[in-house]
Structure formats: structure tokens, C-alpha cells
There are 2 protein chains.
Amino acid sequence: MTPKIITGKKGQGSKRGRGRPAVFDRAVALQAAMKLFWERGYEGTSFDDLISAMGISASSFYNSFGSKEALYCEATRSYLEWSGQWFFAILNDPSIDTKTAFARLFEATAEEFTRGDHPLGCMISLAGTHCAPGMSNIRDMMAEHRAFSESAMAARIRKGAADGDVSKNIDCDMLAAYYSAVARGLAVQARDGASREKLAQIGHLAMSAWPAG
Amino acid sequence: MTPKIITGKKGQGSKRGRGRPAVFDRAVALQAAMKLFWERGYEGTSFDDLISAMGISASSFYNSFGSKEALYCEATRSYLEWSGQWFFAILNDPSIDTKTAFARLFEATAEEFTRGDHPLGCMISLAGTHCAPGMSNIRDMMAEHRAFSESAMAARIRKGAADGDVSKNIDCDMLAAYYSAVARGLAVQARDGASREKLAQIGHLAMSAWPAG
DNA sequence: TTATTTTTGGTGTCATCGCTCCAAAAATCC
DNA sequence: GGATTTTTGGAGCGATGACACCAAAAATAA
């Protein structure tokens with residue numbers, strides 16, 4: 001009944017201690033879990049699928065990651081850290097103006113959503129929209145992540161307005177909401193098998209809604 | 001092992017026969033199931049949730065609907081029949097031009113996605129994107145429905161090009177893919193709690209990408 | 001080497017899931 | 001009213017899901 005509290009990451013994460021060192025690479029195992037969650041979602045991924053893909057036993061899993069839900073949170077953070085690399089690099093590139101940043105964002109999105117070395121689309125856009133009651137924590141977490149990326153877009157547009165490369169008359173939050181919606185739609189299109197070219201052209205069309213300066 | 005084949009709808013569906021008539025209204029039960037599936041998705045909705053919401057017993061469920069998967073298909077058809085009402089009425093309204101039809105489509109979408117009498121967003125847009133292996137039939141079914149609505153949009157645009165109210169130089173399929181993506185994005189935004197006004201403004205912004213005649 | 005610390009495999013457990021069977025009950029037809 | 005046909009409630013089943021526990025194994029510190 002009393003839930004076991006995992007205070008800190010153990011396994012490969014702790015510094016070289018006394019006992020037997022873990023035989024598996026925690027980062028590699030986490031990455032494998034991330035891809036599975038990305039592909040199938042939280043509820044679509046079973047405990048057995050996870051430990052099998054991660055190449056560890058049930059007890060190692062429990063020792064190192066605490067629970068399926070804790071692992072999902074960690075995998076999500078890992079995904080965000082990874083996708084945030086290209087996302088924020090482009091969004092906040094100081095050498096380009098706001099509109100160009102968004103255009104490049106969608107070019108990169110078309111590429112990233114259709115790569116062969118990881119699942120199609122976006123782990124965040126597709127997750128936690130359709131879920132059982134009792135999964136509200138998961139749903140809320142993903143909604144927050146979506147809201148975060150939308151607000152990052154809004155901040156970039158506001159900066160553009162301050163810098164003078166975006167008209168001061170536009171509603172920055174609404175423009176960000178629009179491009180956020182387009183990104184979510186691209187994730188669904190990618191999942192349904194849309195080609196890189198198709199995604200790129202959708203993004204290009206979306207850019208033609210950019211308000212005139 | 002030999003799967004029980006449900007040849008036709010029984011229960012309230014069959015014409016007044018000999019035996020004891022069903023005590024529940026099949027259409028009402030189906031609608032309750034539809035709303036549950038719409039809210040939670042296929043995997044997020046349990047058998048017990050269903051029979052409880054439908055107000056019937058497990059055996060009545062099995063007698064009348066065959067299986068959870070068969071019910072899901074039927075609920076999906078029911079949803080499409082219902083949402084197709086407003087969708088195609090606007091898309092194929094002969095009294096308005098193509099661009100106006102799409103603008104009205106998004107106005108209606110903003111309203112329909114945020115009504116209090118049924119779940120938020122769209123049952124089709126959100127379903128079957130993140131699912132377990134073995135659910136490929138469900139995933140494929142939903143992807144087909146999405147492709148169908150996209151092709152209906154493309155057909156409307158092609159008709160517009162033929163009628164002369166859309167430029168003949170545009171790529172009709174690509175424009176449809178773009179508006180399809182926007183619709184998917186609106187469904188996610190609606191799920192995340194976006195207001196009707198926010199959705200309407202996103203749709204309005206999306207319309208400003210309409211190619212010049 | 002010995003003691004200590006930690007991981008590991010295997011097994012067990014409890015709940016849920018989706019389904020299935022069965023006999024009683026109820027309504028119609030003759 | 002009796003026979004027939006169908007629905008209904010309830011009990012139960014095999015599979016899966018997500019852990020949880022434990023004793024053996026392995027590696028380091030002393």
C-alpha cells in the first residue's frame with residue numbers, strides 16, 4: 001500500500017559505488033523506451049514490451065526507473081531535450097527574422113517528422129488526447145507541453161514585433177496558436193504516411209498566412 | 001475458436017418478431033457508446049465502461065453489438081453520419097463559392113468542436129494515431145476516414161477550379177491536405193481546452209492562406 | 001579473501017479486460 | 001394457454017497488465 005518512493009535515479013546514473021555495476025546503459029535503455037512510447041503512446045505500450053525493448057529484466061526496470069509512469073515522464077523529458085535542440089535552435093536563431101524562423105521551422109518539421117531512424121510525427125502532439133479516466137495526469141502533462149511550445153512560438157513572435165520585423169498590429173498569441181495547430185496537424189499527417197514533400201508543402205502553404213508587414 | 005458471426009443487427013433493429021423485445025433503445029445505447037469512444041478512444045474505453053454507460057448487460061451487449069471492435073466501427077459510422085451532416089452540407093452548399101465554403105467550414109468547426117452536449121474536438125482526428133501493435137485495423141480504419149475527408153475537400157476545390165472560382169494554377173490536393181491538417185490541429189486545440197473564439201480565429205487565419213484568384 | 005553492496009532472473013500476485021456460457025424471464029404467435 | 005423465440009442477469013474464464021518479492025550472483029572496498 002505504501003508506495004515505494006524512488007528518490008533518485010540509480011543504475012548507471014549514480015556515481016561509481018560499491019556494488020555490482022549495471023550491465024546495461026541507462027541512456028540507451030531510456031532511448032529505446034522513448035521510441036516505443038513515441039510510436040505507441042503510453043497506454044499502447046506494455047510493461048513487457050518495454051523491458052523487452054530495453055533489454056532488461058523486470059526488477060532492473062523497477063530498480064532503475066521506478067514505474068511505467070515515471071519512465072514515461074523521463075522519456076518525455078528526453079524527447080523534449082532532443083527535439084528542443086532543433087526546435088529552439090531555429091526558433092531563436094538570431095541571424096534570421098521571425099517569418100524566416102517559422103518557415104525554417106516547418107522545413108525542419110517536415111524532415112524530422114519523416115525520418116527513418118525514429119517514429120513518425122511528434123510524440124507530444126499525438127499523446128494524451130484520447131485517454132482513459134485515471135490517465136488525467138498523463139493527459140494534463142502532455143497538454144502542458146503543447147502549451148509550452150505554443151507559448152515559445154508566441155514569445156518569438158512578440159520579440160519579432162519588438163524588433164520591428166513583425167507588424168505591431170497582429171495578435172501574437174493567436175498567430176502562435178495557428179502555427180501550433182498546423183504543427184499538430186502535420187504530426188497527424190506524418191502518422192498517416194504523408195511524404196516529406198507533402199509535409200513541406202503544407203508548411204509552405206501555412207506560411208502564406210503570415211500577416212503582411 | 002470459430003468466431004461467432006453477427007449477420008445482422010438484432011435487438012431493436014430487427015422488425016417486430018416473436019421473442020421478447022429488447023428493453024433498451026439500440027440507437028440511444030449506440031449514441032452513448034459513441035460519446036464514450038469519442039471522449040476516450042478505443043483503448044481508453046473498457047467493456048465495463050461501455051455496458052455501464054449504455055445501460056445494458058454484458059450479454060445484451062454481445063447479442064446486439066457482437067464485440068467491442070464491431071461496436072467501435074458502428075459508433076464511428078454513426079459519428080460520421082452525424083458530423084457528415086454539417087460537414088458536407090457546408091462543403092457542398094451550391095449557393096456559395098469554394099473559398100466561402102471553407103471559411104464557413106471552419107466557423108462551423110469552431111462551434112462543433114466546443115459544444116457542451118458532446119466531447120470536445122473530433123473523434124476521427126484524434127483516434128488511432130498512437131496505438132498498440134495489434135490495433136492496426138483500428139489505426140488503418142481511422143487513417144482511411146481522415147483520407148476520405150481530405151479527398152472530399154480536394155474534390156470541392158477541384159470543382160471550384162472547374163467552376164472558375166478557384167485559380168486553375170493551384171494544387172488542389174495540396175490545398176486540401178493543408179486544410180485537413182488545420183482541422184486536425186483544431187481538434188487537438190479543442191481537446192486542450194481552447195475556446196470557441198480561439199478556434200474560430202485560428203480558422204480565420206488559416207483562410208488567409210487561400211491562394212489569390 | 002571476506003564482507004558489503006547492488007543487480008539480476010525468476011516467480012508470484014492481484015486487478016482488469018474482453019468475452020462467453022447458462023438458465024430464468026418475458027413477450028409474441030398459434 | 002402453451003410453445004416458441006429472444007432477451008436478460010449473473011457467474012465465470014483465460015489472457016494480459018503492472019508490479020512486487022526474494023534469493024542467487026557479481027563486483028568493489030577493506
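Chain identifiers are assigned alphabetically (A, B, ...) following the order of the sequence lines, protein sequences preceding nucleic acid strands; residue numbering begins at 1 within each chain.
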B/Phe148 CZ: over 12 foreign heavy atoms closer than 6.0 Å
no
Going by side chain to side chain donor-acceptor pair (under 3.5 Å), name the residues that satisfy it together with A/Arg40, two or more places apart in sequence or in a different chain.
A/Asp49
Could you list the donor-acceptor pairs under 3.5 angstrom formed between side-chain atoms of residues 199-208 of chain A and any protein atom two or more places apart in sequence or on another chain?
{"from": "A/Ser208", "atom 1": "OG", "to": "A/Leu205", "atom 2": "O", "distance (Å)": "2.5"}

Residue-phosphate contact under 4.0 Å: B/Tyr62 side-chain N/O, C/dC19 OP1/OP2:
no
Specify the residues of residues 37-61 of chain A, ordered by number, for which at least one heavy atom lies under 4.0 angstrom from an atom of DNA chain C.
A/Ser57, A/Ser59, A/Ser60
Going by ring-ring contact (aromatic ring centres under 6.0 Å, His included), name the residues that satisfy it together with A/Phe47, two or more places apart in sequence or in a different chain.
A/Phe61
Without decimals, in angstroms, what is the distance between B/Glu69 CD and C/dC17 C1'?
15 Å
Using the salt bridge (charged side-chain N to carboxylate O under 4.0 Å, His left out) criterion, which residues pair with A/Glu150? Sequence neighbours excluded.
B/Lys198
Within this structure, what is the CZ-to-P distance between B/Arg26 and D/dT7, rounded to whole angstrom?
11 Å
From CZ of A/Phe24 across to C1' of D/dA26 the rounded distance in Å is 15 Å
Atom-to-atom span, OH of A/Tyr72 to P of D/dG17 - whole angstrom:
18 Å
Who passes side chain to side chain donor-acceptor pair (under 3.5 Å) against A/Lys159, sequence neighbours left out?
A/Asp163
Check the distance between D/dT16's C1' and B/Lys68's NZ and give it to me in whole angstrom.
13 Å
Could you tell me how far apart B/Asn63 (CG) and C/dC21 (C1') are, to the nearest whole angstrom?
11 Å
